[in-house]
Amino acid sequence: MIDSVKSFLGWFFVTGDPMIYGADASIALVSIGIVAVLTYFKKWKWLWNEWLTTVDHKKIGIMYIIAALLMLFRGGMDALMMRAQLTLPNMHFLDAEHYNQVFTTHGTIMIIFVAMPFIFGLMNIAVPLQIGARDVAYPFLNALSFWLFFFGAMLFNLSFVIGGSPDAGWSSYAPYAGAEMNPGVGQNYYLIGVQISGIGSLATGINFLVTILKMRAPGMTLFKMPMFTWSILITSVIVVFAFPAFTVALALMTIDRLFGAHFFTIAAGGSPMLWANLFWFWGHPEVYIVLLPVFGIFSEVIATFAHKTLFGYAVMVWSMVAISVLSFITWLHHFFTMGNTAPVNAFFSISTMLIAIPTGVKIFNWLFTLNKGRIQFTTPMLWALAFIPNFTIGGVTGVMLAMAPADYQYHNSYFLVAHFHSTLIAGTVFGIFCGLHYWWPKMFGYMLDEVKGKWSFWIFMISFNICFMPMYFLGLMGMTRRMYTYPAGLGWTPINVVMSIGAAGMGIGFALMAYNIVWSAVRGKKDTTGDPWNGRTLEWATASPAAEYNFAHIPEIKSRDAFAAMKEARAAGHAETVPPYKAIHMPNNTGIPVIMSAFMFIAGFGFVFEWYWMGIPGLIGVVACMIARSFVYDDHHYIPVEKVKQTEAATGRLS
């Protein structure tokens with residue numbers, strides 16, 4: 001009996017590596033610490049009422065961002081482990097299997113559990129405020145989307161200490177990711193954890209598509225919307241069309257692994273290329289799911305701190321529409337090296353190059369916005385300005401990779417790794433850091449320290465170039481992707497040492513940003529105006545942080561840059577007619593989303609290990625929550641006029 005228990009525990013828990021034991025200890029200590037603090041300060045009820053059951057889009061946005069920052073720390077540690085392994089030749093810091101696991105989790109976490117939730121967090125914070133709405137179209141679905149993401153991410157990360165991490169790369173190509181060649185439970189974690197999170201992402205896309213189309217303030221036509229809202233509208237359309245393909249791919253491979261089907265097995269009539277096509281039909285639009293919103297962020301920030309109207313507004317909108325369309329006809333450039341015909345390669349090569357045109361249009365429009373502007377070099381503006389040259393390098397090398405014959409040389413080298421980090425870090429990461437600093441006072445009511453913010457920016461940005469610019473040359477020297485070690489004498493060592501120094505510098509920059517967040521929470525300058533940046537869009541017309549209902553009176557929009565126009569009208573002495581206050585209709589908090597998602601986690605964990613005695617009851621719990629939700633009729637409340645007046649008076653906005 002004892003031997004059976006020991007055998008089970010040895011199979012169930014990941015053992016044999018000091019880093020794993022350190023992770024076990026860290027997880028245990030952090031969990032005990034959280035429980036102890038909540039118990040000591042008697043905050044369990046507060047946590048449940050204010051956060052776990054909230055449907056307030058602003059609080060959901062904050063939770064997305066906190067989770068994404070934690071995942072960024074995890075993904076960043078994976079990156080540092082890979083760089084430590086590759087710094088010198090013949091290193092044995094990680095063995096081949098562990099390196100493959102770290103390589104896989106790094107890519108998956110950074111794309112699916114960092115970039116997307118960070119953007120979802122910022123759009124939850126800003127979009128309803130920018131369009132003059134009091135909430136999103138489906139508040140319950142919004143809460144459910146977050147908790148599905150959160151529990152999907154937790155399930156995926158649990159693989160590090162229980163069962164073993166996936167090791168088939170973030171793209172998880174068949175047949176390597178299939179049951180025959182990858183028999184452990186790690187790939188099940190990938191399939192089910194990402195699937196749970198992906199359902200939440202798809203629901204978010206639907207929710208914000210409806211919110212933007214149906215809940216804009218009176219007078220806000222589509223071409224009076226802020227550029228960030230436009231970017232989220234177009235991104236939501238991409239999500240709605242791209243994510244179902246990935247959902248189907250994940251479901252098919254899950255059925256293959258758990259139930260013995262052969263959708264991707266050649267010998268049984270399947271096709272491994274089916275996975276590649278489905279994955280990249282989602283995967284390349286996914287690049288623009290995480291890039292288009294940051295284009296919107298940069299548009300807002302550059303216009304605000306250049307103190308000018310955004311140049312070429314309509315052209316900017318249509319360029320994003322063009323990017324969204326082209327993103328769906330470029331996916332095959334990810335496997336130019338897999339034996340396509342010349343006409344097929346030519347078509348996708350041309351479509352890939354074409355996408356550079358609307359992207360270039362946007363960059364020139366930002367430069368024209370800066371021209372003759374009164375530029376204010378705040379921390380958000382520094383991130384926006386740094387994006388332009390750094391991202392351009394990634395774009396130019398992307399055009400090089402779009403040429404199929406050249407791609408045969410570049411594709412399996414570190415040149416490609418340098419390219420997609422130049423676009424995704426200089427684009428997405430710079431963008432989310434820009435948006436974080438820009439909207440931070442709107443989220444919490446105080447400013448992040450500018451001096452520490454600028455130090456963090458310069459350290460991170462310079463270190464990024466130290467890390468990834470040499471990678472282009474390393475790729476041209478012949479170092480291939482996915483290798484976990486290399487022999488001495490190839491001339492790669494000096495460049496790898498420099499790259500690892502740059503990676504460490506990026507870690508220092510992020511750590512300084514985290515310190516700035518903690519320091520500013522205690523000593524940060526309060527935002528008493530609601531408009532610390534002299535903003536141009538409606539979110540700055542509210543208090544910081546905004547009230548539960550966002551706007552006591554829904555604004556009436558007469559032009560683009562609605563808040564800037566309002567301030568100009570006030571300065572010109574035009575009096576505003578303020579209607580009487582009314583009771584405000586708002587949705588009730590509910591615990592069903594977090595409970596339903598917890599049941600989904602239980603079901604997912606059961607299916608990872610093929611424990612149907614756990615998985616099936618978990619799914620029954622999910623269905624029970626759906627049924628319970630269908631019988632909830634009292635799902636809203638009214639904030640009385642007196643409370644609205646009290647809230648407005650407390651922020652100095654009672655008129």
Side-chain angles (χ1 to χ4, degrees), residues 65-66 68-84 86-87 106 109-110 114-115 118 122 294 297-298 301-302 305 375-394 417-418 420-441 446-474 494-525 533:
I65 290 170
I66 291 172
L69 285 170
L70 293 174
M71 290 295 98
L72 181 57
F73 174 79
R74 163 72 202 277
M77 292 303 297
D78 285 342
L80 290 174
M81 285 192 286
M82 286 191 288
R83 285 310 324 152
L86 294 170
T87 301
H106 169 72
I109 287 171
M110 288 303 212
V114 174
F118 218 124
L122 293 175
V294 304
I297 293 170
F298 293 134
V301 169
I302 289 172
F305 296 113
I375 300 173
Q376 184 180 357
F377 293 99
T378 61
T379 303
M381 188 61 158
L382 289 177
W383 285 110
L385 294 175
F387 154 80
I388 295 174
N390 286 286
F391 183 81
T392 300
I393 293 170
V417 178
F420 66 69
H421 281 89
S422 289
T423 55
L424 291 176
I425 294 182
T428 302
V429 176
F430 282 23
I432 59 182
F433 287 168
C434 176
L436 182 72
H437 285 82
Y438 184 61
W439 282 305
W440 188 271
Y446 62 88
M447 309 288 289
L448 289 175
D449 183 70
E450 279 288 286
V451 174
K452 295 178 181 62
K454 289 175 181 177
W455 271 104
S456 172
F457 160 76
W458 284 111
I459 292 172
F460 190 97
M461 191 274 292
I462 293 171
S463 298
F464 159 75
N465 281 282
I466 292 172
C467 183
F468 290 103
M469 284 301 292
M471 201 174 284
Y472 288 109
F473 301 99
L474 192 63
I495 295 179
N496 272 299
V497 170
V498 170
M499 287 161 50
S500 294
I501 292 171
M506 292 169 69
I508 293 169
F510 177 70
L512 182 56
M513 185 183 299
Y515 172 72
N516 189 13
I517 289 172
V518 175
W519 186 92
S520 298
V522 178
R523 299 187 179 184
K525 176 185 175 183
W533 306 121

Which side-chain N or O atoms in residues 431-438 pair as donor and acceptor under 3.5 Å with protein atoms at least two apart or in another chain?
residue: H437; atom: ND1; partner: F433; partner atom: O; Å: 2.8
residue: Y438; atom: OH; partner: T304; partner atom: OG1; Å: 2.9
residue: Y438; atom: OH; partner: W540; partner atom: NE1; Å: 3.2

With sequence neighbours excluded, tell me which residues meet side-chain hydrogen bond (donor to acceptor under 3.5 Å, both in side chains) with [X].
X: T428; result: none
X: T87; result: S500
X: W439; result: E539
X: N465; result: N390

Name all residues meeting the side-chain contact (heavy atoms from CB on, under 4.5 Å) criterion together with [X]; count only those two or more places apart in sequence or in a different chain, and write none if there are none.
X: F420; result: L416, V417, T423
X: I501; result: V497
X: L70; result: I66

Residue set satisfying ring pair (Phe, Tyr, Trp, His ring centres under 6.0 Å) with F118, at least two apart, ordered chain then number -> none
Residues at least two apart in sequence or cross-chain that pass ring pair (Phe, Tyr, Trp, His ring centres under 6.0 Å) with H421, listed by chain then number, are F468
Taken in chain and number order and not counting sequence neighbours, the residues that satisfy salt bridge (Lys or Arg N to Asp or Glu O under 4.0 Å) with R83 are none
Can you give each donor-acceptor pair under 3.5 Å made by side-chain atoms of residues 506-513, sequence neighbours left out, with the distance rounded to 0.1 Å?
none

